[in-house]
Trainee: 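The structure's right below; bear with me while I get my questions together.
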There are 2 protein chains.
Amino acid sequence: MKFEDYPAPSHPPRCAHPCEECTLRAIPAFLAVGSDEVRTIQSFRSGTRVVEAGGVIVSEDRPSPQLFTLYSGWAFRYKTLSDGRRQILGFLLPGDFIGLQDEFADGHTHGVEAVTDTTMCSFERDTLWNLFHARPKLGYHITWLAAREEKLVDDNLVTAGRRNASERVAMLLMHLYRRAERAGMVRDGWAEFPFNQQHIADALGLSLVHTNKTLRRLQRLGLYKLDSGWLRILEPHALETLGDYFERPMQPLPLI
Amino acid sequence: MKFEDYPAPSHPPRCAHPCEECTLRAIPAFLAVGSDEVRTIQSFRSGTRVVEAGGVIVSEDRPSPQLFTLYSGWAFRYKTLSDGRRQILGFLLPGDFIGLQDEFADGHTHGVEAVTDTTMCSFERDTLWNLFHARPKLGYHITWLAAREEKLVDDNLVTAGRRNASERVAMLLMHLYRRAERAGMVRDGWAEFPFNQQHIADALGLSLVHTNKTLRRLQRLGLYKLDSGWLRILEPHALETLGDYFERPMQPLPLI
DNA sequence: CGTAAATTTGACATTCGTCAATCAGTGTGG
DNA sequence: CCACACTGATTGACGAATGTCAAATTTACG
């Protein structure tokens, strides 16, 4: 397979148009919402922001005064222990809300880092309560997003706590592919997959070397292909069964 | 140490009084809230419920039509893989809100089981939006609780993914002791600790046998005592350092 | 007292981590 | 164009942490 056979990576422009015309909202993965609500969202939006690949979106040490909605690109949430061991808590795709947990901070916090070049919409943290007050519906949506993200972490905890290496990898590949698919980041069966093996190891709670060997094994079994940053699932059923992780119908998510 | 030396276990009566007089609200760990809000909470409360030790509060298969606030006792959230491996996602103490994640369910769900006899206040799930609408402040509080619970799961994920057995046990002991302390379940330095080693193993992602050996080791080192369901921390600093898990000032939490 | 559940222990198997070296791709400067 | 450096991927050898099995012991409780 030659390089030209891959779809071109997606580089949406920085969002400079009104939220009403947001290209993300056109994706069926997101909940249709009244134009009143959209206008309210826009009035609370304080700007946009670009963070290049590898850059810090939110520092692990001090929470940012802003909240974000990821508009394009991939990122991840993580925590590090004092001796440097890092655990990735979850990956972020377009539409994901960033920084909500710190709103109610008690010192505990986590960092957010960009994997690819990213763009996001920003909101001032201290206007959050106003948003709830002005539009309870949007408050309800934010709760929804918070609850949904907790469920993602729940799944990751089951993975780290109770799955072996092969099961972890199988689960993660299916999970990321499915999420990319919903976000419109899959073309002709190939999903953008900008992660290196260190990312995967840190997300799964495995060492780099063991992650490599496990990936290799599943690849040799013909379960998936990974090439130049693009992922194709060859045996979805086998991976789902191995990872004991099955797709379920998902309702459209709110988009703030 | 004889049995009489231990404080008596706490068995608050089933809540039968108005929320305004709720004994939980008297605890400084909870946020003081206006009496308007308290009355609204009471008007949304649909009843109380008792689940005995070991009983199912929420089935893993189908979400319940109710939400709960735990009023007394200990419980835990969990998921099981299809071959029976179980992961405990977190422990629940009085004041914790139960079932919010399922509000936005997509099939994925988790179970909740009582460790001790428990009592809770119930709310009808389909009135949740009304609550947000009627009192945005309470919606904000619910979001707060959701975000705070996610942070607890984040910590557990770091534990399962990146801490070794001793560090996991140290972290869990400190974590549970501190939470019990805040909830007023510590007397004379002894905290209620109703868990068996299988609970601990399932929470930490370890096997039962290895959990036992690790507990034993830390106990022989004189870091803690565990006796007849009561826990005393003998070397808090050592446990915090070992677990790389330090207490931070916590603000009062909302109570729904 | 008798039974079941929970804890404890030892022996052993397996998974996973660590170390160290090599290989492949990419970009840089000459 | 090539030598070089750098990062990420790959592999093998080995050791340590953790899991599994089976049995003994203690505790809880009717």
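It should be emphasised that the depicted structure is a prediction, and the values quoted were computed from it without experimental measurement. Lettering of chains follows the sequences in order, A, B, ..., and the numbering in each one begins at 1.
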Trainee: Whole-Å distance between D:dT20 C1' and B:Leu208 CG?
Mentor: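 Nearest whole value for this atom pair: 11 Å.
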
Trainee: Might you work through the side-chain contact (heavy atoms from CB on, under 4.5 Å) test for A:Arg163 and A:Leu204, ending with a clear yes or no?
Mentor: CA-CA 9 Å; A:Arg163 280 186 247 248; A:Leu204 297 180; over 6 Å; no

Trainee: Nearest whole Å is fine: how far is C:dT9 P from B:Arg217 CZ?
Mentor: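 My rounded result for the distance is 12 Å.
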
Trainee: As a test of understanding, state which of A:Leu218, A:Val169, A:Leu173, A:Leu221 forms a side-chain contact (heavy atoms from CB on, under 4.5 Å) with A:Leu242.
Mentor: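 Output: one option passes, namely A:Leu218.
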
Trainee: Round to a whole Å and report the spacing from CG of B:Leu226 to C1' of D:dT26.
Mentor: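 The distance from CG of B:Leu226 to C1' of D:dT26 comes to 15 Å, rounded to the nearest Å.
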
Trainee: Grab the CG-C1' distance between B:Leu206 and C:dC16 for me, whole Å please.
Mentor: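 About 14 Å, once rounded to whole Å.
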
Trainee: For B:His210 and C:dT14, give me the distance from atom NE2 to atom P, rounded to whole Å.
Mentor: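 Value for this atom pair: 18 Å.
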
Trainee: Hey, what's the ring geometry for B:Phe195 with B:Phe91, parallel, tilted or perpendicular (30° and 60° as the breaks)?
Mentor: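 Answer is tilted, since the angle falls between 30° and 60°.
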
Trainee: Identify which one of A:Gln197, A:Gln87, A:Arg86 satisfies the side-chain hydrogen bond (donor to acceptor under 3.5 Å, both in side chains) criterion when paired with A:Asp202.
Mentor: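 In the set A:Gln197, A:Gln87, A:Arg86, the residue that makes a side-chain hydrogen bond (donor to acceptor under 3.5 Å, both in side chains) with A:Asp202 is A:Arg86.
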
Trainee: Please determine if a side-chain N or O atom of B:Gln197 lies less than 4.0 Å away from the OP1 or OP2 oxygen of C:dT8.
Mentor: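 Checking B:Gln197 against C:dT8: at least one side-chain N or O falls below 4.0 Å of OP1 or OP2.
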
Trainee: What is the distance from CD of B:Gln198 to P of D:dG19, rounded to the nearest Å?
Mentor: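 Going from CD in B:Gln198 over to P in D:dG19 covers 12 Å.
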
Trainee: Would you mind telling me which of B:Glu60, B:Glu149, B:Glu113 makes a side-chain contact (heavy atoms from CB on, under 4.5 Å) with B:Arg77?
Mentor: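 Of the listed residues B:Glu60, B:Glu149, B:Glu113, the side-chain contact (heavy atoms from CB on, under 4.5 Å) partner of B:Arg77 is B:Glu149.
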
Trainee: Sort me out a list of protein N/O and nucleotides 11-16 of chain D N/O pairs below 3.5 Å, or just none if empty.
Mentor:
from   : atom 1 : to       : atom 2 : distance (Å)
D:dT11 : OP1    : A:Arg216 : NH1    : 3.4
D:dT11 : OP2    : A:Arg216 : NH1    : 3.4
D:dG12 : N7     : A:Lys213 : NZ     : 3.0
D:dA13 : N6     : A:Lys213 : NZ     : 3.4

Trainee: Just to be sure I understand the rule, does A:Gly205 reach a base, reach only the sugar-phosphate, or reach nothing, if contact means heavy atoms closer than 4.0 Å?
Mentor: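 Sugar-phosphate contact only.
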
Trainee: In whole Å, I'd like the distance from the CG atom of B:Leu215 to the P atom of C:dA6.
Mentor: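 The distance from CG of B:Leu215 to P of C:dA6 comes to 15 Å, rounded to the nearest Å.
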
Trainee: Rounding to a whole Å, what distance do you find between B:Leu204:CG and D:dA17:P?
Mentor: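 Those two atoms, CG and P, are 18 Å apart.
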
Trainee: If you pin A:Gly161 and A:Asn196 to their nearest nucleotides in DNA chain D, which one's is more 5'?
Mentor: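 Result of the comparison: A:Asn196.
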
Trainee: Salt-bridge test for A:Arg182 and A:Glu247: reply yes if a basic N is under 4.0 Å from a carboxylate O, no otherwise.
Mentor: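 Here A:Arg182 does not pair with A:Glu247 in a salt bridge, since their nearest N and O are not under 4.0 Å apart.
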
Trainee: Considering only NZ, NE, NH1 and NH2 on the basic side and carboxylate oxygens on the acidic side, decide whether A:Asp102 and A:Arg62 come within less than 4.0 Å.
Mentor: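 No, no charged N to carboxylate O under 4.0 Å.
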
